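Report on the following structure.
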Amino acid sequence: MTKFTIITLFREAIEPYLKSSMMYKATEKGLAEFDFVNLRDFGLGPHKSVDDTPYGGGDGMLLRCEPVFNAIESVKAKDPEAKVILPTPVGEIWNQKMAKDFVKDAHYIILCPHYEGYDERILSIVDYKISLGKYVLTGGELPALAIIDSVVRLIPGVLGGEQSAEIESFSDGDNLEFPQYTRPEDFRGMKVPEVLLSGNHGEIKKWRDEHAGKTS
Ligand code: ADE
């Protein structure tokens, strides 16, 4: 079972996706589990504050240490083995091989930062800093979903056709998918390559190998 506990202020931004399609099926089949922790519950003072201004000045607010450490420790108290993922634009760029490596019997805590950043000391309880790419998003919710989706769909038994996750783009390194077609055979004069209609599996495999990475 691969479990994800998501620490966020915006559960409503994440939950509908996890209750849809493959992610929902994965939970129904008992192959994945999703849980939420509301960071606000660990906020400080009457306003349950989770952020503050930076020492040394500057714009914006930073996620404070206390709410984050307390939230993570509340999860680790029940499962000390859980690993902490921090989505951040300065992390290691996520790829298919990393997604595969995360498919195991494990519990991941994903901390979704918001606001302009986080206190640097938060990194001391983080196991993986992960970036989705060299651009800046408003918070960790979208990266959390991308990470979860790309891992959960690789768990054996989640995808319908067991081969789909294996065949498709990037699954064995940087290999690219071959072009694919479904009905009709002729759409507005654009025809499906003859060989794919031939039923000759050897020829089809050869064509697919030759055309790998040549999708438009
Ligand atoms: N948080 C903000 N931008 C991000 C990115 N590109 N990847 C991961 N986390 C982020």
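Numbering of ligands and ligand atoms starts at 1, following listing order. Basis for what follows: all heavy atoms, side chains included, without hydrogens, waters or symmetry-related copies. Small disclaimer: the values here were computed from a predicted structure and weren't measured. Each residue takes its place number in the sequence, starting with 1.
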(request) For ligand 1, note which part of Pro89 has a heavy atom under 4.0 Å away: side chain, backbone, both or neither. (result) both
(request) Report the nearest protein non-hydrogen atom to atom 3 (N) of ligand 1: residue, atom name, distance rounded to 0.1 Å. (result) Leu137 N, 2.9 Å
(message) Suppose we measure from atom 7 (N) of ligand 1 to each protein heavy atom; which comes out shortest, and what is that distance?
(response) Leu132 N, 2.8 Å
(request) Could you tell me whether the side chain of Ile6 reaches within less than 4.5 Å of the side chain of Cys112, counting heavy atoms only? (result) yes
(message) Please confirm whether Gly140 approaches ligand 1 to less than 4.0 Å, judged on its heavy atoms.
(response) no
(request) Return a yes/no value for Val136: is any of its N or O atoms, backbone included, closer than 3.5 angstrom to an N or O of ligand 1? (result) no
(message) Could you check whether any side-chain heavy atom of Tyr181 comes within less than 4.5 Å of a side-chain heavy atom of Phe187, counting everything from C-beta outward?
(response) no
(request) Taking only heavy atoms of Pro87 into account, list the atoms of ligand 1 that are under 4.0 Å away from them. (result) 8 (C), 9 (N)
(request) Quick one: look up the protein heavy atom nearest atom 6 (N) of ligand 1 and list residue, atom name and how far away it is. (result) Tyr135 O, 2.7 Å
(message) Polar contacts were defined as any N/O atom of the residue lying under 3.5 Å from an N/O atom of the ligand; does this apply to Gly133 and ligand 1?
(response) yes
(message) Show me which atoms of ligand 1 lie under 4.0 Å from any heavy atom of Ser131.
(response) 7 (N), 8 (C)
(request) Would you mind reporting whether Thr5 and Val37 have side-chain heavy atoms less than 4.5 Å apart? (result) yes
(message) Evaluate Thr138 for polar contact with ligand 1, using N/O atom pairs at a separation under 3.5 Å.
(response) no
(request) With heavy atoms under 4.0 Å as the rule, classify the contact between Thr88 and ligand 1 as side chain, backbone, both or neither. (result) backbone
(message) Would you say that Ile148 contacts Phe34 through its side chain, given a criterion of any heavy-atom pair below 4.5 Å between the two side chains?
(response) yes
(request) Could you tell me whether the side chain of Asp149 reaches within less than 4.5 Å of the side chain of Met23, counting heavy atoms only? (result) yes
(message) Measuring from non-hydrogen atoms of Leu142 to any atom of ligand 1, is the shortest distance under 4.0 Å?
(response) no
(message) Between Phe69 and Phe42, is the ring centroid distance below 6.0 Å?
(response) no
(request) Give a yes or no on whether Asp209 atom CG has more than 12 heavy-atom contacts from other residues, nucleotides or ligands under 6.0 Å away. (result) yes
(message) Do Met98 and Ile93 make a side-chain contact, defined as non-hydrogen atoms from C-beta onward lying under 4.5 Å apart?
(response) no
(request) Might you work through the side chain to side chain contact (heavy atoms under 4.5 Å, CB included) test for Val151 and Trp94, ending with a clear yes or no? (result) CA-CA 11 Å; Val151 172; Trp94 187 243; 3.7 Å; yes
(message) Show me which atoms of ligand 1 lie under 4.0 Å from any heavy atom of Ile130.
(response) 8 (C)
